[in-house]
Structure formats: C-alpha cells, structure tokens
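Worksheet: the structure to be examined is printed underneath.
Order of listing sets the numbers, starting from 1, for every ligand and every atom in it. Just so you know, these numbers use all the heavy atoms, side chains as well, and skip hydrogens, waters and symmetry mates.
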Amino acid sequence: MSKQRRKRGVILTSEGLQKLKDARRESEYRDNFGERYTYEKISEITYLDINTIKRVLKCQEGVDKRTLERFFIGFNLELTSEDITKPNLHKRQDLGGAICVSNFYGRTTELIQLEQWLLQDRCRLVTILGIGGVGKTALSIKLINQIGDKFDCVIWRSLKDAPPIEKFITDLLQFLSKKQLTKAELPHCTSDKITRLIGYLRSSRCLVVLDNLESLLCSNAPAGICRQGYEKYSELFRRLGETDHQSCLLLTSREKPSSVAALEGEKLPVKTFKLNGLREQEGQKILKIKGLDSSELELNQLVQQCSGNASALKIVATTIQDVFAGNVAEFLSKEMIVFGDIYKLLDEQFERLSILEQEVVYWLAINRKPISFSQLREKMGLAVSKLNLIEGLESLSRRSIIESQQSYFKLQSIIMEYILCRFAKTEDTMVLQKAETT
Ligand SMILES: Nc1ncnc2c1ncn2[C@@H]1O[C@H](COP(=O)(O)OP(=O)(O)OP(=O)(O)O)[C@@H](O)[C@H]1O
Ligand SMILES: [Mg+2]
C-alpha cells in the first residue's frame, strides 16, 4: 500500500479494537481450547495477509475501510462508524518545563514494567509513587523519551504550583485541540470540560504526564485527599480511570490520591508503581559522576544509608566533596547521613503526617527492626484503637513512608535516621519517655 493511501486510510478506535479483541478471545475459547490464535490462523479466518493484520492491530497506520470490514466479518462482527477513525499523522509533544535526564542510570526493570502497562496493557491511569527525591520525575521523563513516539501526542506538566483545575484543563484542551478551541467554545463547567477532554483522549492516543501531584493533596489528614478547592481533580482522575479512551494519564506523586486508590487493581487499567531507591550499582554511578572515588564497600555503604534515594545521594556527594575533601571514610565515620537539604526534603514529608501517623513513625524508628501490627499496638499502648492504627498504617504506606513485608512494618533506613535526628533536634520527648517506660 502506498504512503499516500495509508494517509487516507482509517484505523480502529479503542472501542473498535476492543470489540475485535473480545470477539477473538471468544472465538479462541470456543474453537481453539482457549489457546491464542497465531497470525497465520487469523489470516485464514480473515483472508488478510499477516502484515495487514499486524497493521490493523497496531492502530497507527491507516488501512482501507474494506480491510477492516473483512477483519470484522471474520469474527462475525459488523464494522460501524464508531469503530473507525482517521490516523493522526502529526505527533506532537509539549514537555513544558520538564528537566533533562542526560545522566540517568539503571531503572531498566522499572521501565520495562511501565512500558508493559502503558503500551501492551493500555492502562488508562498509572501513578508512579515514591518518597521525595527517589527519582519519579526523572523516570517519567526517561519513559517519555523511550515510548513517547508510540503516542500521537505527549504533554508533560508539573503541578508543583497547584494550578486551579480550570486553568489546568483549559491549557490541556488548548494543546489537544491544536489551539483551535476559542474561549467561547470552551464548556463552562468543569465537568463538561472533563467530558470534552475525554473526547480528545478517545479520538487520539495521548500520553498526559502530571508531575508532583502531591501538591494538590491535603496535609495533616489521611493521605490522598484533595485540598479544599482542588476536589474537581478527583473527578478528573476518577473519570479518566473509569471511562473508556485510548490515552494514558501518568501521574507522579509522593502520596497516592484516594480517587486513584479506589480504582486500581492488578487486572484493571489503573495501576500504581511503587518506586524504590536505586540499586547499589546505580547509586554508585551517581556518586562517581559527582567525583567521589572510594572503595566499592564504602560507596555501597553510602547508597544503603541513603536508601538509594537519588537526591540524597547527590546531596551527600556534594557535602563529602565540599566538607570532607572527597574522603568518604571520613564522612562515614561521623555516622550522620541526614543533614541540611536531606533533612529539609524529609521534613517536608513528615510535616504532612497526622498526629497519629507521626506517632507511629516515631515508634517504628525507636524499634528499628520490622514490627508486626500487634507488637506495634502493644508498644503504642492500647489507647490507639485497632481501626485508627490500621488507617494510620495504610495512610503511611500511601505516602511511601513505611514498607510492609509479610505483615511486618518498617521504615527505610534514611527515614529512620531522619526521625531519630528529629527527636534529638526537636526534643520531642513525650513519645521517647513513653518508649522508655515500655
Ligand atoms: N536513575 C537516575 N540516574 C541518575 N540520576 C537520577 C536518577 N533518578 C533521579 N536522578 C536525579 O536525582 C534527583 C532527584 O530525582 P527526581 O527529581 O526525579 O526525584 P523525585 O522523586 O521526582 O522527587 P520529588 O518528590 O521531590 O519530586 C534529580 O536531580 C534527578 O536528575
Ligand atoms: Mg519530582
């Protein structure tokens, strides 16, 4: 087929593709013992050649409408106007103020998983969740660099300054409409603007990346609730997660929004990716590029103490250079990993916790080792109800502050050090006294 004809052709919409996939699955169960059909078999059924079949399923290059009709008839379906659309040949990107990630290390398995969710599983809403500085923004940009061309358009925006939803959606609609929408044509109410947005996300495949979502969430309340005046963002996330469209909204956040938590699931198109620290090898590379030259053992010790947090590693490396003339051993001997900007980074997150969550975190720090729910409750005194403690632990987990493994809870080592350091600094003796008498 010539390029010109492909341009004139049509592709399946997400609805059309889904219809075809469902019918194929049904037929596989009925006639093929549930085994997937090979391309050869589909070719037999549809009388189309294998390359055409691949092109149809990829939904990027246009094909003849008759080809799609034949494909559908093969699976006893009728092609309707809702099943087809024109291919969007003009891929566009607007990366706003996104940072450049030239010295990016590791994250191979993380990128593979995210790619699988966005491209193969066609997830509609994915959140990259992790504590401050772990590398969420960098990873989101790396992902755009790797798979951005698989989308008709890509838009990246930071929510750090907490834009009101009206301003934010108008900006998005302007981009998606290629600045064709005039003010008068914009729907008045937010819900209608969201409906219009979904229309665009249906008709073309877009990747919308929103960074620093935690800026829209409340502090000193259970994790994930939108701040006053920002509640409509919850509606936006809920509708983008629930409604059928062919695009993906990728969020990065220090805290999981509750509207997302309610929608996600292993077999659902809404997922959360918990981003942990960098592995030793990768963390070492950050230290080395900052000019540190030391034994493998010492560098690994630094990476572990920083829990692989990319920002913490950069800050520590700078201090070791500036204050300890690059001597890693000398720095390690001071047994002080949380200071200056690292303290500030963790402080921002600690200050957002509710009183109960702060108390839980203190207890986990004092205990140092992983602890079970009942042990923790016993230590905290029975004044804390089971229900409150469960809610507190869930909230801390949504903020990436605690980790749980086989029903045991613990803090990352960098957070533990921060809490103990905060103890000393703020002389918050109340909890300490309780701990000593237990
Ligand atoms: N894999 C990596 N390789 C090299 N540098 C990295 C990597 N990941 C992150 N960084 C660097 O570490 C710093 C912190 O990363 P980033 O800003 O992505 O963290 P974040 O999780 O988005 O933090 P915040 O919650 O504060 O937004 C940045 O300077 C970033 O370039
Ligand atoms: Mg970030």
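Under a 4.0 angstrom heavy-atom cut-off, Gly106 registers as lying outside contact with ligand 1.
Heavy-atom proximity to Asn212, at under 4.0 Å, picks out these atoms of ligand 1: 27 (O). The contact set between ligand 1 and Phe104, taken as ligand atoms under 4.0 Å from a residue heavy atom, comprises 1 (N), 2 (C), 3 (N), 4 (C). Atoms of ligand 1 lying under 4.0 Å from at least one heavy atom of Ala138, given by number and element, are 8 (N), 9 (C), 18 (O). Near Tyr105, meaning under 4.0 Å from one of its heavy atoms, ligand 1 places the atoms 1 (N), 2 (C), 3 (N), 4 (C). Which parts of ligand 1 touch Arg254 is read off a 4.0 Å heavy-atom cut-off, strictly below it: atoms 24 (P), 25 (O), 26 (O).
No side-chain N or O of Ser158 forms a donor-acceptor pair with one of Asp211 less than 3.5 Å apart. Inspection of the Glu166 and Thr190 side chains reveals an N or O donor paired with an N or O acceptor under 3.5 Å. Donor-acceptor pairing under 3.5 Å is lacking for the side chains of Ser234 and Glu231. When only modelled atom types and interatomic distance are considered, Gln304 and Glu280 share a side-chain donor-acceptor pair under 3.5 Å. Using modelled atom types, one finds a donor on one side chain and an acceptor on the other under 3.5 Å when comparing Ser191 with Lys232.
Taking 4.0 Å as the cut-off between side-chain N and carboxylate O, Lys410 and Glu403 count as a salt-bridged pair. The pair Glu28-Arg25 meets the salt-bridge criterion, since a charged nitrogen lies less than 4.0 angstrom from a carboxylate oxygen. For Arg157 and Asp171, the salt-bridge test passes: some basic side-chain N is under 4.0 Å from an acidic carboxylate O. Salt-bridge formation is not detected for the pair Arg202/Asp244: no Lys NZ or Arg NE/NH1/NH2 atom is positioned less than 4.0 Å from an Asp or Glu carboxylate oxygen.
Note: no N/O pair closer than 3.5 Å links Glu214 and ligand 1 by distance alone. Ligand 1 has no nitrogen or oxygen under 3.5 angstrom from a nitrogen or oxygen of Arg107. Polar contact with ligand 1: present for Gly133 (N/O pair, distance under 3.5 Å). Of the N or O atoms in Leu278, none lie within a sub-3.5 Å distance of an N or O in ligand 1. For ligand 1, the polar-atom distance check against Leu139 finds no nitrogen or oxygen pair separated by under 3.5 Å.
Across the listed options Gly283, Ala310, Gly308, Ala310 owns the non-hydrogen atom lying nearest to atom 9 (C) of ligand 1. Nearest residue to atom 19 (O) of ligand 1 from Ser311, Ser253, Gly135 is Gly135 (criterion: closest heavy atom).
With a cut-off of 2.8 Å, the protein N/O/S atoms near the Mg ion (ligand 2) add up to 1.
In Lys142, neither the side chain nor the backbone holds a heavy atom less than 4.0 Å from any atom of ligand 1. Using a 4.0 Å cut-off between heavy atoms, Leu275 makes no contact with ligand 1 at all.
If you look at Phe409 and Phe373, their ring centroids are not closer than 6.0 Å.
Listed by chain and residue number, nothing satisfies the salt bridge (charged side-chain N to carboxylate O under 4.0 Å, His left out) test with Lys290 (two or more places apart in sequence, or in another chain).
Within the 4.5 Å cutoff, the side chain of Leu159 has heavy atoms near those of the Pro163 side chain.
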Verdict with supporting geometry, Arg279 and Thr109, side-chain hydrogen bond (donor to acceptor under 3.5 Å, both in side chains): CA-CA 11 Å; Arg279 293 178 195 89; Thr109 48; 3.1 Å; yes
